[in-house]
Novice: 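My structure is below; once you've seen it, I'll send some questions.
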Amino acid sequence: MPIVVREALQTDCQGIMDLIMELAVYEKMEDQVKMKIETLQEDGFGNEKYFKCFVAERLENGASKLIGYALYYYIYSTWEGKCIYMEDFYVSPEYRGKGVGSRLMGSVCKIAVEKKCARVHFAVLGWNKSSIDYYKRQGAIDLTEVEDWHLFRLTGSALEKMAAKSDTV
Amino acid sequence: MCIVIRKAEVKDCPGIFDLITELAIHEKHQDQMKISLEKFREDGFGDNTKFQCFVAECEENDTLRLIGYVIYFNTYSTWQGKCIHMEDIYVVPEYRSKGIGSKLIGSVCKVADLQNCGRVQFIVRDSNKSAMKFYKHQGAIDLTEVQEWHLFRLTSDAIEKVAAKYD
C-alpha cells in the first residue's frame, strides 16, 4: 500500500477539509471550525496565498485518499528573520506508526532549510502527551514549559474594543 | 509634547531597530538577536515584505523620536481563516501609562477588522505579570491557561535532522 507525500493541489481541498475536521474532533474543539471549502481554496490557491500544505496520499486499487497533512506559513522573528509556523499537522489514526508523520514534518523542515528559516514553531495541547513525546523526540523545545511563554488571543468584542482605540494618522 | 501613531516608513528602520534591541535587552535575550539592520530593512520594506509595523513618534522641542512600535503579520487558522500575529509590542519605559501601548495594539486590531481577520494572537511571558494583567484587562484570553496550548520550537539542528527524513 503505497503512501505518497507531496505538495497539496487545489483539488485536494475537500480531502484536507475532512482531515481538518478530524483533527478538530481529536482536539475536542470541533465547534470552533467555521472554515468553508471555498475559503480554503481561495486562501490556499488563489491570487494571494495565505498558507502552503503537504499531504499524505494513500493509493490502493486505483483509488486515492488523503490520510494526513501538514499546513504551514511563513512568520517573522525580529531576532532571527523569516521562520515557519506549522499550523496543522495530522495523520489519521489508522495510518500512524508508519513514519508518515515524520515524512510530513520532514517536508516542512526541508522547506525551512531551503528558505533559510531559523525556526519552525507550532502549538500542542498540554494534555496531548503522545504528541508532546513525539515532538520532544524530534528535538523540539516546549517554550511554554522551558521559557514560560503563554499564547494569547484577542477576538470578537474584545478585538473590536481594541480597534476602537486606534487613532492612527 | 505630541505623540503620533502612524505606519512605519523605511526611514524609521534605524529607530525601530534600536527599540527592538531595547526590547531584547529588557527580555534578557540580546544574545539571540541575529538579524542585521540591512536584513530588517529589506524584510520590512523590500520587494517581498514579511511584516508590517506601526510606530509611535514623539515630537518634543522640534525633535522627532520613535518611542514605541508594534510589528505584526498575517497568519492562518484552518478553523477561522486569515488572522494576525502581533510579534513585538514595545513602548520605552518613560512613555508608558499614557495609552500609547493601547493605541499601537488598537492599530493592529483595526487592520484585523478591515481585513476580516477573526483573531489577533501574541505571546507573553508568564513572569511578565504587568503585561499579563494589561492584556487580560483588554479582554484577551490566555489560551495556555484556559485551553492548555503550549508553544513549541524546532531550531536549526533539529530542523535539519527532521528534514533528512523527507523523501
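Letters go in sequence order (proteins before strands), and every chain restarts at 1. For the numbers below, each heavy atom of this structure counts, side chains included, while hydrogens, waters and symmetry mates do not.
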Novice: Is Phe122(B) close to chain A through its backbone or its side chain, or both, or neither, when contacts mean heavy atoms under 4.5 Å?
Specialist: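 Looking at Phe122(B), backbone and side chain both touch chain A.
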Novice: Select one option (side chain, backbone, both, neither) describing which atoms of Phe51(B) are under 4.5 Å from chain A's heavy atoms.
Specialist: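 Only the side chain of Phe51(B) comes within 4.5 Å of chain A.
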Novice: In terms of heavy-atom proximity below 4.5 Å to chain A, should Thr21(B) be classed as side chain, backbone, both, or neither?
Specialist: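 For Thr21(B), neither part sits under 4.5 Å from chain A.
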Novice: Under a 4.5 Å cut-off applied to non-hydrogen side-chain atoms, are Leu151(B) and Leu143(A) in contact?
Specialist: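 A side-chain contact under 4.5 Å exists here.
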Novice: Using non-hydrogen atoms only, which part of His85(B) is less than 4.5 Å away from chain A: side chain, backbone, both, or neither?
Specialist: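 Contact with chain A is absent: no heavy atom of His85(B) under 4.5 Å.
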Novice: Do you know which of Ser156(B), Gly118(B), Gly44(B) has the most heavy-atom pairs with chain A at a distance under 4.5 angstrom?
Specialist: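 Top option by heavy-atom pairs under 4.5 Å: Gly118(B).
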Novice: Could you have a look at Asn128(A), Leu40(A), Ile75(A) and say which one has the most heavy-atom pairs with chain B under 4.5 angstrom?
Specialist: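 The option with the most such pairs is Ile75(A).
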Novice: If we define contacts as heavy-atom pairs under 4.5 Å, which of Gln80(B), Gln32(B), Arg6(B), Glu145(B) has the most with chain A?
Specialist: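 Ranked by contacts with chain A, first place is Gln32(B).
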Novice: Look at the rings of Phe122(A) and Phe152(B) and say which category their plane angle falls in: under 30° parallel, 30 to 60° tilted, over 60° perpendicular.
Specialist: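 Geometry flag for Phe152(B) against Phe122(A): parallel rings.
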Novice: Between Glu147(A) and His29(B), is any pair of side-chain heavy atoms under 4.5 Å apart?
Specialist: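 The answer is yes; the side chains approach within 4.5 Å.
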Novice: Given heavy-atom pairs under 4.5 angstrom as the criterion, report whether the side chain, backbone, both or neither of Ala24(B) touches chain A.
Specialist: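 Contact with chain A involves both backbone and side-chain atoms of Ala24(B).
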Novice: Between Lys34(A), Met29(A), Arg153(A), Lys136(A), which has the largest tally of heavy atom pairs under 4.5 Å with chain B?
Specialist: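 Going by pairs under 4.5 Å, I would pick Arg153(A).
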Novice: Can you find a heavy atom in the side chain of Lys82(A) that is under 4.5 Å from one in the side chain of Asp43(B)?
Specialist: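 SC-SC contact between Lys82(A) and Asp43(B) ruled out.
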Novice: Is the shortest side-chain heavy-atom distance between Leu154(B) and Met105(A) below 4.5 Å?
Specialist: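 Leu154(B) reaches Met105(A) side chain to side chain.
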Novice: Could you check whether Asp88(A) and Thr78(B), counting side-chain N and O atoms only, form a donor-acceptor pair closer than 3.5 Å?
Specialist: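 Asp88(A) and Thr78(B) do have a side-chain donor-acceptor pair below 3.5 Å.
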Novice: Taking side chain as everything from C-beta outward and backbone as N, CA, C, O, which of these in Asp88(B) sits under 4.5 Å from a heavy atom of chain A? Side chain, backbone, both or neither.
Specialist: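 The answer is the side chain of Asp88(B).
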Novice: Taking all atoms of both residues into account, what is the closest heavy-atom pair of Glu80(A) and Lys34(B), and its distance?
Specialist: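 Closest heavy-atom pair between Glu80(A) and Lys34(B): OE1-CG, 3.8 Å.
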Novice: Please answer: with hydrophobic residues joined when any side-chain heavy atoms are less than 4.5 Å apart, are Ile35(B) and Ile25(B) in the same cluster?
Specialist: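 No; tracing contacts between hydrophobic side chains, which count when under 4.5 Å, never links both residues.
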Novice: In the single-linkage hydrophobic clustering (I, L, V, M, F, W, Y; side-chain heavy atoms under 4.5 Å), do Leu64(B) and Val10(B) co-cluster?
Specialist: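 No, it is not one cluster - the side chains of Leu64(B) and Val10(B) are not joined through contacts under 4.5 Å.
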Novice: Heavy atoms only, distances under 4.5 angstrom: which of Lys39(B), Lys103(B), His150(B) has the most pairs with chain A? Name it, please.
Specialist: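 Among Lys39(B), Lys103(B), His150(B), the one with the most close pairs to chain A is His150(B).
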Novice: For Phe54(B), is it the side chain, the backbone, both, or neither that has a heavy atom closer than 4.5 Å to a heavy atom of chain A?
Specialist: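 The answer is the side chain of Phe54(B).
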Novice: For a 4.5 angstrom cut-off between non-hydrogen side-chain atoms, does Met35(A) reach Trp79(B)?
Specialist: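 Heavy-atom side-chain distance check fails, nothing below 4.5 Å.
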Novice: Could you check which of Lys161(A), Lys36(A), Glu114(A), Gln138(A) has the highest count of heavy-atom pairs closer than 4.5 Å to chain B?
Specialist: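 Looking at each of Lys161(A), Lys36(A), Glu114(A), Gln138(A) in turn, Gln138(A) comes out on top.
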Novice: With side chains defined as the heavy atoms from C-beta onward, is the minimum distance between Cys109(A) and Glu160(B) less than 4.5 Å?
Specialist: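 They are not in contact (no side-chain heavy atoms under 4.5 Å apart), so the answer is no.
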Novice: If I measure from the heavy atoms of chain A, does Ile141(B) come under 4.5 Å with its side chain, its backbone, both, or neither?
Specialist: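 Interface part for Ile141(B): both.
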Novice: Can you tell which part of Gln147(B) gets under 4.5 Å to a heavy atom of chain A, answering side chain, backbone, both or neither?
Specialist: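 Both the backbone and the side chain of Gln147(B) come within 4.5 Å of chain A.
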Novice: On a heavy-atom basis, which atom in Gly139(B) and which in Ala158(A) lie closest, and how many Å separate them?
Specialist: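 Heavy-atom minimum between the residues: O-CB, 3.5 Å.
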Novice: Show the nearest heavy-atom pair for residues His150(A) and Asp142(B), with the distance to one decimal.
Specialist: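 That would be ND1-OD2, 2.7 Å.
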Novice: Determine whether Tyr76(B) and Tyr73(A) satisfy the following criterion, ring-ring contact (aromatic ring centres under 6.0 Å, His included), listing intermediate values before the conclusion.
Specialist: CA-CA 8 Å; Tyr76(B) 198 80; Tyr73(A) 42 80; 7.3 Å; no
Novice: Report the option among Glu145(A), Glu160(A), Lys28(A) that has the most heavy-atom pairs separated by less than 4.5 Å from atoms of chain B.
Specialist: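 Most heavy-atom pairs within the cutoff with chain B belong to Glu160(A).
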Novice: Which residue is it: Thr144(B), Asn128(B), Ile123(B), Asp126(B)? I am looking for the one with a side-chain contact (heavy atoms from CB on, under 4.5 Å) to Asp148(A).
Specialist: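 Filter result, single survivor: Asp126(B).
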Novice: Closest heavy-atom contact between Ile159(B) and Val113(A)?
Specialist: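 Here Ile159(B) and Val113(A) meet closest at CG2-CG2, 3.8 Å.
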Novice: Could you tell me the separation between the CE atom of Met33(B) and the OG atom of Ser77(A), rounded to the nearest 0.5 Å?
Specialist: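 Spacing of CE (Met33(B)) from OG (Ser77(A)) equals 8.5 Å.
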Novice: Write down the atom of Cys117(B), the atom of Leu159(A), and the distance for their closest heavy-atom approach.
Specialist: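 The pair with the smallest heavy-atom distance is O-CD2, 3.7 Å.
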Novice: In Å and rounded to the nearest 0.5 Å, what is the OG1 to OH distance from Thr78(A) to Tyr69(B)?
Specialist: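 If we round to the nearest 0.5 Å, Thr78(A):OG1 and Tyr69(B):OH are 5.0 Å apart.
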Novice: If hydrophobic clusters are built from ILVMFWY residues whose side chains come within less than 4.5 Å, do Tyr50(A) and Phe45(A) share one?
Specialist: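 Per the 4.5 Å side-chain linkage, Tyr50(A) and Phe45(A) are not co-clustered.
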Novice: Can you tell me how far the CG atom of Leu151(A) sits from the CD atom of Gln121(B), to the nearest 0.5 Å?
Specialist: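 So the gap between those two atoms works out to 5.0 Å.
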Novice: Check whether Lys161(B) gets within reach of chain A through its side chain, its backbone, both or neither, counting any heavy atom under 4.5 Å.
Specialist: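 For Lys161(B), neither part sits under 4.5 Å from chain A.
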Novice: If you count heavy-atom pairs under 4.5 Å with chain B, which of Tyr85(A), Phe51(A), Trp79(A), Tyr74(A) comes out on top?
Specialist: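 Going by pairs under 4.5 Å, I would pick Trp79(A).
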Novice: Quick one: are Leu154(A) and Ile105(B) in side-chain contact, heavy atoms under 4.5 Å?
Specialist: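 The answer is yes; the side chains approach within 4.5 Å.
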Novice: Between Glu27(A), Arg119(A), Glu87(A), Met21(A), who has the most heavy-atom pairs with chain B when the cutoff is under 4.5 Å?
Specialist: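 Of Glu27(A), Arg119(A), Glu87(A), Met21(A), Arg119(A) has the most heavy-atom pairs under 4.5 Å with chain B.
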Novice: Measure distances from Glu27(B) to the heavy atoms of chain A and classify the residue's part below 4.5 Å as side chain, backbone, both or neither.
Specialist: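 The side chain, not the backbone.
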Novice: So which part of Val120(B) gets closer than 4.5 Å to some heavy atom of chain A, the side chain, the backbone, both or neither?
Specialist: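 Contact with chain A: backbone and side chain both.
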Novice: Chain A: which of Thr75(B), Leu104(B), Ile20(B) shares the most heavy-atom pairs with it under 4.5 Å?
Specialist: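 Among the listed options, the one with the most contacts to chain A is Thr75(B).
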Novice: Is it the case that more than 12 heavy atoms not belonging to Lys11(B) sit under 6.0 Å from its NZ atom?
Specialist: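 Yes, NZ of Lys11(B) has more than 12 neighbouring heavy atoms, counting only those of other groups under 6.0 Å.
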Novice: For a quick test of reading the model, state the closest non-hydrogen atom pair linking Trp127(A) to Glu148(B) and the distance between them.
Specialist: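 Heavy atoms only, the tightest pair is N-OE1, 3.4 Å.
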Novice: Thr155(A) side chain to Arg119(B) main-chain N or O, any donor-acceptor pair under 3.5 Å?
Specialist: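 Between the backbone of Arg119(B) and the side chain of Thr155(A) there is no qualifying donor-acceptor contact (under 3.5 Å).
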